Structure formats: C-alpha cells, structure tokens
There are 2 protein chains.
Amino acid sequence: MNIGAAAKASGLPVKTVRYYDEIDLVSPNRNGNGYRAYSADDVHKLRFLQRARRLGFTIVECRHLLSLYEDKSRASAEVRALAVTRIAEIDARIEELQSLRDSLTTLVSTCRGDDRPDCPILDDLAGGGACHEGARDS
Amino acid sequence: MNIGAAAKASGLPVKTVRYYDEIDLVSPNRNGNGYRAYSADDVHKLRFLQRARRLGFTIVECRHLLSLYEDKSRASAEVRALAVTRIAEIDARIEELQSLRDSLTTLVSTCRGDDRPDCPILDDLAGGGACHEGARDS
DNA sequence: ATAAAGGGTCCGGCTACTGGAAGGTCAAGC
DNA sequence: GCTTGACCTTCCAGTAGCCGGACCCTTTAT
C-alpha cells in the first residue's frame, strides 16, 4: 500500500504520514523503488494516531499510547492515568480561557464601540485599569 | 533605560523584549555602545503588549491594537470589534475543549484502570468504538 | 587588575505540521 | 517509443512566540 492510499485509509494528510515516518512513529518498509510500503498493521497504527491526535493527545503521548497498545501485558491503569492527566490539562486550559473571556467581556461591556476615539479597552491595556504600578523613571 | 530595566518595568522577559524589537513591535533607539535605550513611551508600549498578550491577543492583533492606540482619532468601534472577535474565538476553543473532555471522560469511565491488560480506551483508539467507519481495503 | 553583571548578535530548537521546488517512477494512451 | 499526468522521493523554509546557549563586548564594583 503506497503512502497515498495509507493516508486516505487513515484519514491523515500524506504530509503528516510522511512526517510520522520521519519521527519514527510509523515507519513502513520500502519497496524496491524507494516508495513507502504500508502494511495493514501500519495503517492500523496510523488510524490509531489520527484518533488519538483528534482527542488532543500530543505526539509524545501518542508514542506512549502506541507502545502501550503494542504491549499486550500492560495494565489498563497506565492508559487510564494518561487520559486522566489529559482531562486535567484540558480543565486547566478551559479555566484559563474562561478567565480570559471574562476579562475581555468586562472590557467590551464598558466600551461604547462607536466612532468616538475614547476606548476603555485600550485605556485598560495601556494603564492596567485600577492598578497603576510604578516605573516612575524618566 | 537599558533592556533589563525595561523588561522588569514591563513584566516581560528580556528575551521577549529583544524579540519585540526584532519584529519591529517596539524598537528603541540605541546608545553609543549599541545598547538599546528604552524611553518611557517604549516601556509604556511594552507594558501594553504584556497585558494584551496575557489576554490572548496574537502578535498581529497586538500590532493592530498598538497602532490603534497610537492613532488618537480612531473609532473605539474598531477596537471593540477586535475584542469581540477574540471572545468568539475563545468561545469556540472552549467548546472544542469541552467536547474533547467529554469524549475522554466517557472513555475513562469505561476503563477499570486496574492491572489487567484490557483497556477500552486503547480499544476505542484502535477500532473507533461504536462508529466503525469503512476503509475496507486490504 | 579583575571579576561579575549586564549588554550585543546569531544560531538552533521547541510543536506538529504544511507548502513548495526539483526530480524519480509508473500506468495509460497514442 | 514517447508523452502526459499522477504519484512518489528528498530537502528546505516557514508557521507562533519565543527560549537557551555560545561567544564576545562594556560597564561597574572591588
């Protein structure tokens, strides 16, 4: 199976599949002409990677998951731990974004948004609003 | 004011301040010895950037905000529009993360997470779980 | 005089790819 | 046999926003 077909079967772009070979994530054999020859197992791994990436796992985590997947005797606890960690990271990121959103929303609500030049958003960015910190050097 | 002091006053790392010079975001004059000489206005801009970046504006947006800030006659509507766009982006990102979180949570809840090898998380990644999509090529 | 602290440039690396150029290979059609 | 076009190869550069480090110079304090 050439790279084009493998890409199609796994739902990944050709460039990405080639990249995964380059970083030794899925490295197929080569044909006589130098073409990558993807086995059914390779394609299976690519599909695995596509799903894991879509779930937000990093490449490093994917590598880990893949090795866990290959290791038929590993404990499911290890995989679960990885997933739980991911969830915690996602939660943290969501909270961070919520906080950003709140700040921006507050700013926007104070800005008339008309054609006049005074804008509380810029004022806040410039001065930091309530907290006016020092730096009184000239 | 040398770069170190400017960095401290703006709350940015020295490397970042130098980078902002490199990309012509805040480019101070130079002293006779080649050192960057930050004016009060430069530092003001750096602080502006620090806040805007913390709010998640990209460098391109920051450049835009900065030029709006410098332009005393611009309409506040333009700034407001930028902020509103940012909020929409944040909302989209939050939703995306929520959906990821949901998927992972579902997977984790089905996994015992003990020392036995069978793991629904990996099974799902491998096979796609409920939705078994085609790719019936051998 | 010397040593530490702080400046300067330049290069490489990080994530996870993506786009493009230059060239080899293969199957089909004429 | 020859051409065309799709497909494959490698390599290089770029994306965002810096960070770390090498190597060298200047300033300041002792």
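What's counted below: heavy atoms across the whole structure, side chains too, no hydrogens, waters or symmetry copies. Reminder, nothing fancy here: chain letters follow the sequence lines and each chain counts from 1. Please read all numbers here as calculations on a predicted model, not as lab measurements.
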Checking [X] side chain against [Y] main chain: does a donor-acceptor pair fall under 3.5 Å?
{"X": "A/Arg101", "Y": "B/Ile87", "value": "no"}
{"X": "B/Arg36", "Y": "B/Asn2", "value": "no"}
{"X": "A/Arg47", "Y": "A/Gly11", "value": "no"}

What integer distance in Å separates [X]:[atom1] from [N]:[atom2]?
{"X": "B/Glu22", "N": "C/dC11", "atom1": "CD", "atom2": "P", "value": "11 Å"}
{"X": "A/Tyr19", "N": "C/dG19", "atom1": "OH", "atom2": "P", "value": "15 Å"}
{"X": "B/Asp21", "N": "C/dC10", "atom1": "CG", "atom2": "C1'", "value": "15 Å"}
{"X": "A/Asn2", "N": "C/dA27", "atom1": "CG", "atom2": "P", "value": "10 Å"}
{"X": "B/Ile23", "N": "C/dC10", "atom1": "CD1", "atom2": "C1'", "value": "17 Å"}
{"X": "B/Ile3", "N": "D/dC19", "atom1": "CD1", "atom2": "C1'", "value": "14 Å"}
{"X": "A/Arg18", "N": "D/dT10", "atom1": "CZ", "atom2": "C1'", "value": "9 Å"}
{"X": "B/Glu89", "N": "D/dA16", "atom1": "CD", "atom2": "P", "value": "14 Å"}

So does [X] get a side-chain nitrogen or oxygen closer than 4.0 Å to the phosphate oxygens (OP1/OP2) of [N]?
{"X": "B/Thr16", "N": "D/dC19", "result": "yes"}
{"X": "A/Tyr20", "N": "C/dA16", "result": "no"}
{"X": "A/Asn33", "N": "C/dC26", "result": "yes"}

(request) Using heavy atoms to find the nearest nucleotide of DNA chain D for A/Arg36 and B/Tyr35 separately, return the residue whose nucleotide is more 5′. (result)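 Counting from the 5' end, the first nearest nucleotide belongs to A/Arg36.
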(request) State plainly whether the residues A/Arg30 and A/Asp21 are in salt-bridge range, i.e. N to O under 4.0 Å. (result)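 The answer is yes: the pair qualifies as a salt bridge.
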(message) Closest approach to the side chain of A/Ile59, judged atom by atom: which nucleotide of C/dT18, D/dG17, C/dC17 is it?
(response) C/dC17
(message) Starting the side chain at C-beta, find the nucleotide from D/dT9, D/dG17, C/dG8 nearest to B/Thr58.
(response) D/dG17
(message) Checking side-chain polar atoms at under 3.5 Å, does A/Thr105 have a donor or acceptor matched by the opposite partner on A/Asp102?
(response) no
(message) By the 4.0 Å heavy-atom rule, please label A/Arg53 as base, sugar-phosphate, or nothing.
(response)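 The residue A/Arg53 makes sugar-phosphate contact but no base contact.
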(message) On DNA chain C, compare the nucleotides closest to B/Lys15 and B/Gly4; which residue's is nearer the 5' end?
(response)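 Counting from the 5' end, the first nearest nucleotide belongs to B/Gly4.
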